[in-house]
Amino acid sequence: MDALDLARWQFGVTTVYHFLFVPLTIGLGIFVAGLQTAWHRTGKEHYLRLTKFFGKLFLINFAMGVVTGIVQEFQFGMNWSEYSTFVGDVFGAPLAMEALLAFFMESTFLGLWIFGWDRLPKKVHLACIWAAAIGSNLSAYFILAANAWMKHPVGYEVVDGRARMTDLWAVLTNSTAIAQVPHVIAAAFIVAGGFVLAVSGYWLLRTRAPMWRSAARAALVMTALAGAVVAGTGDMSAKLLYEQQPMKLASAEGLEHDTAGAPFSIAPGIEIPSVLSFLSTGDPAATVQGIEDLQARFEREFGPGDYRPDQQIVFWSFRVMMVFGLSTVGLSVLGLWLTRRRRAVPDWLSRLLVAALPLPFLAMIAGWLLSEIGRQPWTVAGELLTAASVSPGVSLTEVATSLTIFTLLYGGLAVAEVLLLTRHVRKGPELAEPVPEPERLQPSLMY
Amino acid sequence: MINLWFVIIAFLWTGYFVLEGFDFGVGVLAPFLARTPAQHRQSLETIGPVWDGNEVWLITAVGAMFAAFPAWYSGVFSSFYMPVVLILVGLIVRGVGLEWRGKVANPAWCDFGIVMGSALPAFLWGALFADLLFDSVPAALFGGVFTLVLCLLHGAVFLSLKTDGPVRHRARTVALLTGAAILPLAVVALSALGSVPALIAMAALAAGAALTYRRREGWAFATTAAAVALTSAAVFTQLYSAPLPGMTLASAASGPYTLTMLSWIGLITLPFVLVYQGWTYWVFRKRVALAA
């Protein structure tokens, strides 16, 4: 165990935590904005109640996304100073743009939305939640463009041992980013959809109030549509992996040697012939490069070394992502069919929706493990090794201390967030109108 | 171009210290100025809509350093490793505390997080920059105490400007006390920085104390804001020749292409940011009254 290992653990731990909360922020923000828009359009009270209810859950989660994000921006400099010095010229630009174009908008308009219910005209107030939600989505674009550059660097040259940007437009329209941005954002909508479905399912089991059916229907539509985008962009990504990151593709499939008509492996030993070649090129007879042959080629190109990422993690995270992600989407399609034309949500479906809550989160995390562990041993593909990226002056003790502090702090706060969310989900939406007098209500109307 | 980006980064840091300076002060003072939970909420409500936007100034300043001077960015944060970890811990517990306070059954933990999370960074930023300039532990400690008291003063003046009733009255008392305490500290700290902005900052602090005494709260806040800004300006004036020991700005800078692109983006977007953040302060310009 050295500082490099711990720095990698720290990056992994902090990023995984960050990305438990952020997808919910991205998707739920737009969902809440949609609910508030529905209230404006229809004037129906239950949309206002849902807006405030999911708005509160959104804010509880938003806080965690923000505070776990701050660490990200600093730890490049703290633990990865060699990396930062090498890439800052290119990688820093989207980060600065993210702050200027997205974070200011997100935080300022969210503040206006939270405290502006009574102080702003209704339309302006509605515009504030949209601005905040769009800000979140914009920030995802910039950071994902920066991340895509690590895997497929474009628009730069290396001068005096440092990357120099030559074309900002190329960095922002990197083909890897164009495939990855909609893939991750759509996956975030699936996470948010799964969250709303679980909450609505819980309340449908308790009350059957019509407002929960409409919340569930909206989330089912959102999840199913996002599922289509995820599948389409996933296919784009597979074709790009074939060209740009063949080692990741081969490791995700456990393909040892260059193979014509390569099979798609469902699990070790269960294979469908030619499907991998077809998925990655459109031609079932095409040759897909294998791990060992790529290793030999990389050694010839970059010198001796191990250019294979951790095979078990990459292989299995790909399957977890596919199975859990697609089952959430499948559930939403099933739900749409079962609730078509005013049909009620069956109880067993509500139970399933509650039980399925962890799936999209796990799929999201697995996707990131596939993406970033599959990139190893490089931080910048073909240019900079992870081992050469770490801060030379930072000691093992320092990294160990910060790793311990952040892991414990994040762990404690994550538990607190789950408890807090549960508490507010159980409490349910507050009544927007004055509560009617209890004696006038029939018991059957009460819940 | 390199000079322009140094000025932009100094501007972003200065904006951060001026804005988050008062919300650090409010964060620390809120529980001590309140006799009732409603008074506590009243204080925190003055920063509720704006603190997160204020913090983005830090994110932008650091992002801009990363993009424009990568070696400076990585040098500062890898060499001040543990202070930065503690600053981050402070900002984390503070952010969560402020957002969750109204939503938990018992806000005591949130209040502890807000106080600690405001006091730690207020102290550590001063300590970090003092250490960067003077490379000595006593200087760092002194710098930390100075910025902590400065934030308390700035926050107390802000509270006396933005609240009504007993909180306003007590905030004024705290502003006078911290105003008296900071003058001797300022004489030492700012003469060590020894430049024109530092001298004007000293005058601004004296004026701020006098204006608080005469109940000119708006003007008093303008002078404490100016004092924070000028102190920051004095720090960056010193850093200009050596952003880190043995480093020059030119050697740390990104290429001219990146700096040109960033300049266009900054020039186009920053005015919008200033306008809509300014608008937030306008929307919430009224004093926060005590909730019934």
A/Phe103 versus B/Asp52: any side-chain heavy-atom pair under 4.5 Å? no

Going by the ring-ring contact (aromatic ring centres under 6.0 Å, His included) test, which pairs reach into residues 261-282 of chain B, not counting sequence neighbours? A/Phe109-B/Tyr276

More than 12 heavy atoms from other groups under 6.0 Å of CH2 on A/Trp130: yes

Most contacts with chain B, counted as non-hydrogen pairs under 4.5 angstrom, among A/Thr166, A/Val159, A/Val90, A/Val66: A/Thr166

The reported gap from CD1 in B/Ile59 to CD in A/Glu73 (rounded to nearest 0.5 angstrom) is 5.0 Å

Nearest atoms (heavy-atom pairs only) where B/Trp100 meets A/Leu413: CH2-O, 3.6 Å

Take A/Phe74 and B/Leu58 through the test side chain to side chain contact (heavy atoms under 4.5 Å, CB included) and record every step on the way to the result. CA-CA 11 Å; A/Phe74 284 83; B/Leu58 170 68; 4.0 Å; yes

Can you tell which part of B/Ala252 gets under 4.5 Å to a heavy atom of chain A, answering side chain, backbone, both or neither? backbone

Proximity breakdown for B/Ala68 and chain A, heavy-atom pairs closer than 4.5 Å: neither

Should the ring pair B/Phe284 and A/Phe115 be called parallel, tilted or perpendicular, given that the plane angle runs from 0 to 90° and is split at 30 and 60? perpendicular

B/Arg101 atom CZ, neighbour heavy-atom count above 12 within 6.0 Å: yes

So which residues of residues 69-87 of chain B are in contact with chain A at a heavy-atom cut-off of under 4.5 Å? B/Pro70, B/Ala71, B/Tyr73, B/Ser74, B/Phe77, B/Ser78, B/Tyr81, B/Met82, B/Val84, B/Val85

Do you know the tightest heavy-atom contact between A/Asp167 and B/Tyr257? CA-OH, 3.3 Å

Should A/Leu168 and B/Ile265 count as side-chain neighbours, where that means a heavy-atom distance under 4.5 Å? yes

So what's closer than 4.5 Å to chain B heavy atoms on A/Glu106: side chain, backbone, both or neither? neither

Please classify the contact of A/Leu420 with chain B as side chain, backbone, both or neither, using a heavy-atom distance under 4.5 Å. side chain

Which atoms of A/Ile405 come close to chain B, meaning under 4.5 Å heavy atom to heavy atom: side chain ones, backbone ones, both, or neither? side chain

Heavy-atom pair of closest approach, residues B/Val104 and A/Arg423: C-NH2, 3.6 Å

For chain A, which candidate among B/Ala253, B/Gly95, B/Ala61 shows the most heavy-atom pairs at distances under 4.5 Å? B/Ala253

Between A/Gln75, A/His424, A/Lys427, the one whose heavy-atom pairs under 4.5 Å with chain B are most numerous: A/His424

Can you tell me which portion of A/Val71 sits under 4.5 Å from chain B's heavy atoms? Options are side chain, backbone, both or neither. both

If you define the side chain from C-beta out and look only at heavy atoms, does anything of B/Val93 sit under 4.5 Å from A/Leu409? yes

Tell me, side chain or backbone of A/Ala163 under 4.5 Å from chain B's heavy atoms, or both, or neither? neither

Given a strict heavy-atom distance threshold of 4.5 Å, which part of A/Leu419 is in contact with chain B: side chain, backbone, both, or neither? neither

Please report the interatomic distance CG(A/Leu100) to OG1(B/Thr269), rounded to the nearest 0.5 Å. 4.0 Å

Least distance between heavy atoms, B/Leu262 atom then A/Ala96 atom: CD2-CB, 4.3 Å

So which residue, B/Ser254, B/Gly63, B/Gly255, B/Gly53, ends up with the most heavy-atom pairs under 4.5 Å with chain A? B/Ser254

Least distance between heavy atoms, B/Val283 atom then A/Arg119 atom: O-CD, 4.1 Å

Pick from A/Leu95, A/Thr68, A/Thr108 with the largest number of heavy-atom pairs that fall under 4.5 Å of chain B: A/Thr108

If I take atom CD1 from residue A/Ile114 and atom CD from residue B/Glu99, how far apart are they, to the nearest 0.5 angstrom? 5.0 Å

Hey, could you give me the CD1/CG distance between A/Ile70 and B/Leu91, rounded to the nearest 0.5 Å? 5.0 Å

Does atom CZ (B/Arg285) have a neighbourhood of more than 12 heavy atoms from anything else shown, all under 6.0 Å? yes

Of the listed residues (A/Leu101, A/Val87, A/Val399), which shares the most heavy-atom pairs with chain B below a 4.5 Å separation? A/Val399

Pair A/Met78-B/Leu88, side chain to side chain contact (heavy atoms under 4.5 Å, CB included): steps then yes or no: CA-CA 12 Å; A/Met78 294 163 71; B/Leu88 291 174; 4.0 Å; yes

For chain B, which of A/Gly111, A/Ser84, A/Ala131 has the most heavy-atom pairs under 4.5 Å? A/Ser84

Using side-chain heavy atoms (C-beta onward) and a distance below 4.5 Å, is B/Thr60 in contact with A/Met97? no

Can you tell me how far CD1 of B/Ile92 sits from CE of A/Met64, rounded to the nearest 0.5 angstrom? 8.0 Å

Engaged part of A/Val124 at the chain B interface, taking heavy atoms whose separation is under 4.5 Å: side chain

